[in-house]
**Student:** 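Following this message is one structure expressed as structure tokens.
Chain letters run A, B, ... following the sequence lines, proteins first, then strands; residues in each count from 1.
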Amino acid sequence: MSSSSTTTTTTRLLMLKASDGVTFEVEEAVATKLGAINNMVEEEGSEDLICLPNVNGKFLGMVLEWCKKHANNNTNSDKGNDEVNKWWDKEFVMDLDQNTLYHLLMAADYLSGTELVDLLTEKVASMIRGKKVEEIRETFKIKSDFLPGQEEEIRKKNSWAFE
Amino acid sequence: MAKRRRNNKRGFISDDDLLVEILIRLPDCKSEVKCSAVCKRWFSIINSVHFRSKKLQRHHGASSPCTILFRSHGFGHSIYLPFYHYFTEESRILHRIDSSSSSSSYLDFLPWEKVRIHSSFDDLLLLSRRRGQYYFVICNPFTRQWIELPQPHMPLKADMRGAGLVCYPIKSPQQQQQQQQQQQHPLKLNQYSFKVMVVWDRITYTGGMKIEIHLKTYCSETGKWSEDIFSLRDRMLNANTPVACNGLLYWLVGDINIETVDGIFAFNLSKFTNQDPNYIRFINFPSGLLQEKAGSFDIKVRLGLVRGRLRLSQLLITKRNGFVLRVWELNCDNNASYDDDDDDGSSKRWTLVHDVRVKKWIDKRQFVIAFHPENGNVLYLLFNRLHIYQYDIGEEIMEKVGQLPDNVGDEGFCVGDIRTYSLVHPLWPTPIPASQSASASKC
């Protein structure tokens, strides 16, 4: 794709504007870790300001923080960096409260940050693991909408899974 | 991609695609079933074809959990219930086993004390119990469901030699064509058909020793047993466990007096129930298998299943304190050549996959006891009647993974009496028909 003649590929900066008007100045190499941004850059070429009306500034900031870390760690790619990334990812998701996790996941999905979506869905799955049905409902604040008897039938049919 | 995302009424993760992404990451089917009882939406997602295919995609190429059960075929109490279980790493996760201590018995949920394992198929076991007559039971030990088969008529004055199980999903003829190209249908749904074959034999001495073989085959689609009788002279189906592969049941045959084996019978159970007289075929051993009397003792030759393909191993101790191990694989893809009359198709039929000569491990009593059902480079060997080693041929790693209890049975046991049954747990446990699992919950 044709890039503007005055900027070099390593230092080009993009402005990302979140739904609440907060803007972020990010290196292109960082922002294009997000599939959605990458597409916009390729399609619109020289446009430097990108509006993201579906993402709040707080979560956009977190997504970009993650991108930055991974972009930096990936520049000199050897096996040690994989470990660093893994360790950093673990820290990143460790203390997320549920609300943040939820919105972050939505933001990552909207921005097509495949690896981040992977990390976050894995985190949610780990919150389900080993829990009883009631505990899952409680954790995720879900109300059972089964008709009387329906849940019992599922339990009876799969009694092996409910011991 | 335009979706309403802020729909709080749907609860956490209102986006279906994201929820699917989360749920396919659950490590075991138990969590999955539990999730299906959370609410209607989760239920319909987990039971959707889309979810199943996404999960298959994600786990494509991953190693299925395997469990190997050990049973003694000797006398006394040890012939009942497995006395040892080996779980692969994946299987430990599936069964939620944390430490090395294994539970008392893998089958202790059954209401009968004296149950005998006959064979395995995927995650199913064929069992029998005896109360005057034989009763056969098909059981999924993971889900703890079972079904008791109608009783077969036992032939008089005959001994039961063994029994095998074949199970496959019931599907339309179109799908059947695809099945031949693919080992496993991508979407195993809930309808399965079972076939069971039980072999009795009776020895008669009129003009030399004659062995009368009584075959009884049960088909779940008809709910009936059918039977056939044929005779062999001086030869008999081996007491080792038959192995089911591609709908056929493979059984070692050999000399009745000395415990040697010299070939394989392949029983086509579908042809059997359709009364096609060609249901049985003889398959020669591969030409490289040493068939001197000492070489083909049945404890030196093993049949097993690796990723749905039949393998045969022979382990011979060399004079220089080592061993030679050969493993062949049966080419059953080529149906055309398989149905040809074989004059000597043995070379085309078998592929030598491993031929190793090992000098490092000095022990004169080592035997192949099982194949790793998922990894073709890995076999399990028994050293000194006690120690189970996992032998990775490719990596040349011999690693101890277990030890048999040394007080097995009332009289102890010999290596030739050890039977192993491999369970391979699919992504979704094979269901046992619902009418019978009611009886399971009663107990």
**Student:** Applying side-chain contact (heavy atoms from CB on, under 4.5 Å) to A/L52 and A/I37, what does each step give before you reach the verdict?
**Tutor:** CA-CA 9 Å; A/L52 302 164; A/I37 309 271; 4.1 Å; yes
**Student:** Exactly one of B/R25, B/R52, B/K55 should register a salt bridge (charged side-chain N to carboxylate O under 4.0 Å, His left out) with B/E32. Which one does?
**Tutor:**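 Of the listed options, the one satisfying the test is B/K55.
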**Student:** Are B/R129 and B/Y135 in a cation-pi setup, meaning NZ or CZ lies under 6.0 angstrom from the ring centre and within 45 degrees of the ring axis?
**Tutor:**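 Positive - B/R129 is close enough to the ring of B/Y135 and near enough to its axis.
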**Student:** Please classify the contact between A/E122 and chain B as side chain, backbone, both or neither, with a heavy-atom cut-off of under 4.5 Å.
**Tutor:**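 A/E122 touches chain B through backbone and side-chain heavy atoms alike.
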**Student:** B/F83 vs B/F70 aromatic rings, parallel, tilted or perpendicular, using cut-offs 30° and 60°?
**Tutor:**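 Taking B/F70 first and then B/F83, their aromatic rings sit tilted (interplane angle of 30° to 60°).
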**Student:** In terms of heavy-atom proximity below 4.5 Å to chain A, should B/I24 be classed as side chain, backbone, both, or neither?
**Tutor:**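 It is neither, since no heavy atom gets under 4.5 Å.
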**Student:** For A/K143, is it the side chain, the backbone, both or neither that has a heavy atom under 4.5 Å from a heavy atom of chain B?
**Tutor:**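 For A/K143, backbone heavy atoms alone lie under 4.5 Å from chain B.
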**Student:** For the residue pair B/Y106 and B/F87, does the interplanar ring angle fall in the parallel (under 30°), tilted (30 to 60°) or perpendicular (over 60°) class?
**Tutor:**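 Ring orientation, 0 to 90° scale: perpendicular.
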**Student:** For the interface with chain B, which of A/D118, A/T139, A/V133, A/D145 has the highest count of heavy-atom pairs at distances below 4.5 Å?
**Tutor:**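 If we count pairs closer than 4.5 Å to chain B, A/D145 comes out on top.
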**Student:** Name the region of A/Q150, side chain, backbone, both or neither, that has any atom closer than 4.5 Å to a heavy atom of chain B.
**Tutor:**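 The side chain, not the backbone.
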